[in-house]
Amino acid sequence: MSKRVIVVGAGAAGLMASSVAGERGLAVTLIERNEKNARKVMITGKGRCNVTNNCTMINDLIANVPNNGRFLYSAFSRFMPSDTIEFFEDMGVPLKVERGNRVFPASDRAADIVDALSAFSRDAGVMRITGRVKSLLIEDGAVRGVTLENGESYEADSVIIATGGKSYPQTGSTGDGYDLARQAGHTVTEIKPSLVPLVCHEGFCMDLQGLSLRNVNISVVDSENYKEIYSDFGEMLFTHFGVSGPVILSASCHMKDMKPRKYEIHIDLKPALSHEQLDRRIQRDFLENSNKNFINALDALLPKKLVPVIVRLTGIKPSVKVNQITREMRGKLVNILKDLKVTVLGFRPIEEAIVTCGGISVREIDPKTMESKLCKGLFFAGEVIDVDAYTGGFNLQIAFSTGRLAGENA
C-alpha cells in the first residue's frame, strides 16, 4: 500500500508539494477550503502573476529574502528560478522577462499559471477535497492525519501544511496553518504585514491620489537616529492614505519597529540631475516662460497633478511672475524636488499586505527537508513559514522551492 500524504492548502506551495509527492507514487490528498485553487496567485502582479525572478545566483536570491534568507539555501539549491521557468514552459506556458528580471506569463494572465499548477496536480494523481482542516491527529510525537471542520478524519503518514499567511484573507489565507502548527508544539513568531502600503501624515498625499511616479529615488530614514535604513529606485504611487507602489512595498520590509513618525521617506523626483543641473534646467524653463505665472511654468518639469502641491510647498505665491523669481526662491524649488519628504504613521492593515512577515519559526524546521523538528511526518511549505522576500517574484519562488522540497521528502 502506498504511503499516504495530506497537503493542506492548494496555493502555489501546496499545489507544487502535492504534485511532486504524487509523482513519487504516493497516495496524495489535497485539502483546500476554497472551491478554486490558488486564489492568491490569481491576483498577484495585478492579475498578471509575477511568477519568479530570473535571478541566476543563489546568493543574490537569498539577498532578496531579508527575513531568514539563509534558511532557504537548500530549498533554492534544489529548485532555482531557472527550474521554475523550465517547469512552466514545459507545461505549455510561455514566459517573458521584464524590468528587474521579473518573470511573467507571456499572455499576462495569472490564470495560465494556476491552470498549469492544477493540471500538474491532476496528472500526478492527487485527490482534491474541499474542506477546512480543524486539527492535526498526533500520536507518540508523530502526525497521523487531520480532522476537518465537518468532523471527518483522514489518516496519513505525512502532512504538509501549506496554508499561506494572513495577507489577503479573502483568498483563504486566514492564519489556519499557525493554529495547526501550534497543536504540534511549534512557535509562531509575531505576525505583521510585509510588502504593504504605508499610511502617511502629509495631507498632500490625498491631493496626489492616483498619481504614479516612475524613475524616482527614495531613501528611508529612521528619525530617531537619522540613519538611512533603505534606498531604492523605481515606481511609487500616491494614495488617499499615503503611498504605495513597488519601491514603497519593498521599503516596508525594512520598517521593523513601526510606530508613528519613526520613519521618513525622502523622495528625489529628479534623481538623474544634481542640484546644480536641475537648477540650470529650471532656469531654461523659466527663460522660455518669463511672463507666465509661477504655477503655469512647471508643466514641462512635473506631472500636472504634482504642480500645485510643489508650488504650495515652496511657499512661493502661485501668481508671481517667473521673471521675478529670485535665486533663493529657485533654490527652495530645487530642494523640494530633490527631497520631497513624507512621514510614515504606520502600515496599512495586514489584509492589504502582499505577504505576511512572521510565521512558523525556522529554528523548528529542518531546512534540508522542510520537516518539523518537533513532530515526525509534519512538513511546512510557503508563506506559513517565517520567511518573506522583496517584491519581484521572490515570494512565489519561495513557495515553489519549499513546496517541491516538502513534496520530495514527505
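- Ile385 places none of its side-chain heavy atoms less than 4.5 Å from the side chain of Ile398.
- With respect to Asp176 and Arg33, a salt bridge is recorded, a charged nitrogen being found less than 4.0 Å from a carboxylate O.
- Evaluation of the ring-ring contact (aromatic ring centres under 6.0 Å, His included) rule for Tyr390 yields His254 as partners, not counting sequence neighbours.
- Inter-residue side-chain proximity for Phe347 and Leu198 is flagged as met; some heavy-atom pair is nearer than 4.5 Å.
- Within the 3.5 Å criterion, the main-chain N or O of Ser219 finds no donor-acceptor partner in the side chain of Glu228.
- No option in Val5, Leu117, Leu30 other than Leu30 meets the side chain to side chain contact (heavy atoms under 4.5 Å, CB included) test with Ser18.
- Distance CE/Met329 to NZ/Lys332: 7.5 Å, rounded to 0.5 Å.
- Applying salt bridge (charged side-chain N to carboxylate O under 4.0 Å, His left out) to Asp222 and the options Arg261, Lys227, Lys262 leaves one that passes, Lys262.
- Checked by atom type and distance alone, the side chain of Glu364 never pairs as donor or acceptor with a backbone atom of Leu374 at under 3.5 Å.
- Ion pair Glu155/Arg4 flagged as a salt bridge, since at least one NZ, NE, NH1 or NH2 atom sits closer than 4.0 Å to an Asp/Glu carboxylate oxygen.
- Residues satisfying the side-chain hydrogen bond (donor to acceptor under 3.5 Å, both in side chains) criterion with Glu152, sequence neighbours excluded, are Tyr154.
- For the pair Ser212 and Glu235, the minimum side-chain heavy-atom distance is below 4.5 Å.
- Remark: Arg327 does not engage Asp279 in a salt bridge, criterion side-chain N to carboxylate O under 4.0 Å.
- Arg348 is not listed as a side-chain neighbour of Pro193, based on a closest heavy-atom distance of 4.5 Å or more.
- Here Thr187 contributes atom OG1 and Asp386 contributes atom CG; the two are 10.5 Å apart, rounded to the nearest 0.5 Å.
- Residues passing the ring-ring contact (aromatic ring centres under 6.0 Å, His included) test with Phe120, sequence neighbours excluded: Phe87.
- Atoms CZ and CG, from Phe394 and Asn50 in turn, are 8.5 Å apart once rounded to the nearest 0.5 Å.
- Lys373 places a side-chain N or O within donor-acceptor distance of the main-chain N or O of Arg363, the cut-off being under 3.5 Å.
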For residues 237-252, tabulate all N or O donor-acceptor pairs below 3.5 Å that involve a side-chain atom, not counting sequence neighbours.
residue	atom	partner	partner atom	Å
Thr239	OG1	Phe241	N	3.2
Thr239	OG1	Gly242	N	3.0
Thr239	OG1	Gly242	O	3.4
Ser250	OG	Pro246	O	3.4
Ser252	OG	Leu195	N	3.2
Ser252	OG	Val196	N	3.0
Ser252	OG	Leu249	O	2.5

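- Ser361 pairs by the side-chain hydrogen bond (donor to acceptor under 3.5 Å, both in side chains) definition with nothing, not counting sequence neighbours.
- A search for side chain to side chain contact (heavy atoms under 4.5 Å, CB included) contacts involving Asp299 returns Val307, not counting sequence neighbours.
- For the pair Lys270 (side chain) and Gln277 (backbone), a donor-acceptor distance under 3.5 Å is absent.
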